[in-house]
> 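Please read through the structure below; I'll follow up with questions.
Nothing fancy with the numbering, it's 1 onward along the sequence. As the structure is a computational prediction, the values presented were derived from the model and not from experiment.
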Amino acid sequence: MSDIHQRISASFDAQGLMKTIGAKLASVTDGEVQIEMPFSTALSQQHGYVHAGAITSLVDSACGYAGLTKAPPGLEVVTAEFKINFVRPALGERFLAIGRVQSSGKLLAVCTGEVRAFAGDGPEYKVIALMQATIVNVRRD
């Protein structure tokens, strides 16, 4: 396991919300993090779709951790801003959020995120949400 993967994994494992929604790290590479989550009725809204709050949390974390892959050692990250578009209902058996760094500097990373819904174990998916996020490097107190 690479240093960057260990760094992301340790931070991810400390997040209570990701445990609560059943999310798991799927992939960590320089500038990209993928997080997966199974469908759960506990996360649904009144129409049976996964709630927008759960999907937003999933892709926000993917973008944040993508930003952390570019952050200098000793710094952590927080989200300063994001915009999310839901392009179709969150229906599926599992969901994959992909966060990618588009630009990074000393203080900020601009990331894009995509959430895919899978009906089964196959490779076919539908994009259900798109995000753009600004991630800020911060000192950990």
> Measuring from Lys70:NZ to Leu75:CG, what's the distance to the nearest 0.5 Å?
15.0 Å
> Could you check if a side-chain atom of Met131 sits within less than 4.5 angstrom of a side-chain atom of Thr112, using non-hydrogen atoms only?
no
> Applying side chain to side chain donor-acceptor pair (under 3.5 Å), which residue pairs with at least one partner in residues 72-91 are found, sequence neighbours left out?
Asp60-Thr79, Glu81-Thr134
> Hey, any chance Phe39 and Met37 share a hydrophobic cluster, counting ILVMFWY side chains that come within less than 4.5 Å of each other, even indirectly?
yes
> Does Val115 share a hydrophobic cluster with Val87, counting links as ILVMFWY side-chain heavy atoms below 4.5 Å and allowing steps through other members?
no
> Leu58 and Ala23: which non-hydrogen atoms are nearest, and at how many Å?
CD1-CB, 3.9 Å
> Nearest heavy-atom pair of Pro38 and Gly22: which atoms, and what distance?
CD-O, 3.2 Å
> Using a 6.0 Å cut-off, check whether atom NZ of Lys19 has over 12 heavy atoms from anything other than its own residue.
yes
> Find out if a path of hydrophobic residues (ILVMFWY) with successive side-chain heavy-atom gaps under 4.5 Å connects Val138 to Val33.
no
> Could you check whether Glu32 and Tyr65, counting side-chain N and O atoms only, form a donor-acceptor pair closer than 3.5 Å?
no
> Is Arg7 reaching over with its side chain to a backbone N or O of Thr69, donor-acceptor style, under 3.5 angstrom?
no
> State the CD1-CD distance between Ile98 and Gln34, to the nearest 0.5 angstrom.
4.5 Å
> Distance check, rounded to the nearest 0.5 Å: Ser61 atom OG versus Ile8 atom CD1?
11.0 Å
> Let me see the working for Ile4 and Asp30 under side chain to side chain contact (heavy atoms under 4.5 Å, CB included), right down to the final yes or no.
CA-CA 8 Å; Ile4 198 157; Asp30 188 31; 4.2 Å; yes
> Following the transitive rule for hydrophobic clusters with a side-chain heavy-atom cut-off under 4.5 Å over Ile, Leu, Val, Met, Phe, Trp and Tyr, establish whether Leu130 and Val101 coincide in one cluster.
no
> Nearest 0.5 angstrom please: Arg94 CZ to Asp121 CG, how far?
6.0 Å
> Between Phe12 and Ile35, is there a side-chain heavy-atom distance shorter than 4.5 Å?
yes
> Can you name the nearest heavy-atom pair linking Val77 to Gly64, along with the distance?
CG2-O, 3.4 Å
> Under 4.5 Å between side-chain heavy atoms, counting indirect links through other Ile/Leu/Val/Met/Phe/Trp/Tyr residues: same cluster for Leu68 and Leu25 or not?
yes
> Let me confirm one number: the CD1-CG distance from Ile128 to Leu96, rounded to the nearest 0.5 Å.
10.5 Å
> Please give me the minimum heavy-atom distance between Ile135 and Gly67, naming the atom from each residue.
CG2-CA, 4.5 Å
> Do any N or O atoms from the side chain of Asn137 and from the backbone of Lys106 form a donor-acceptor pair under 3.5 angstrom?
yes
> Using the side chain to side chain donor-acceptor pair (under 3.5 Å) rule, collect all pairs that involve residues 36-57, keeping only residues at least two apart or in two chains.
none
> Can you give me the closest heavy-atom contact between Leu91 and Gly48, atom names plus distance?
CD2-O, 4.2 Å
> Only pairs at least two apart or in different chains count here, so list each ring-ring contact (aromatic ring centres under 6.0 Å, His included) that has a residue in residues 75-125.
Phe118-Tyr125
> Does the Ser104 side chain pair with the main chain of Ala109, one donor and one acceptor, at a distance under 3.5 Å?
no
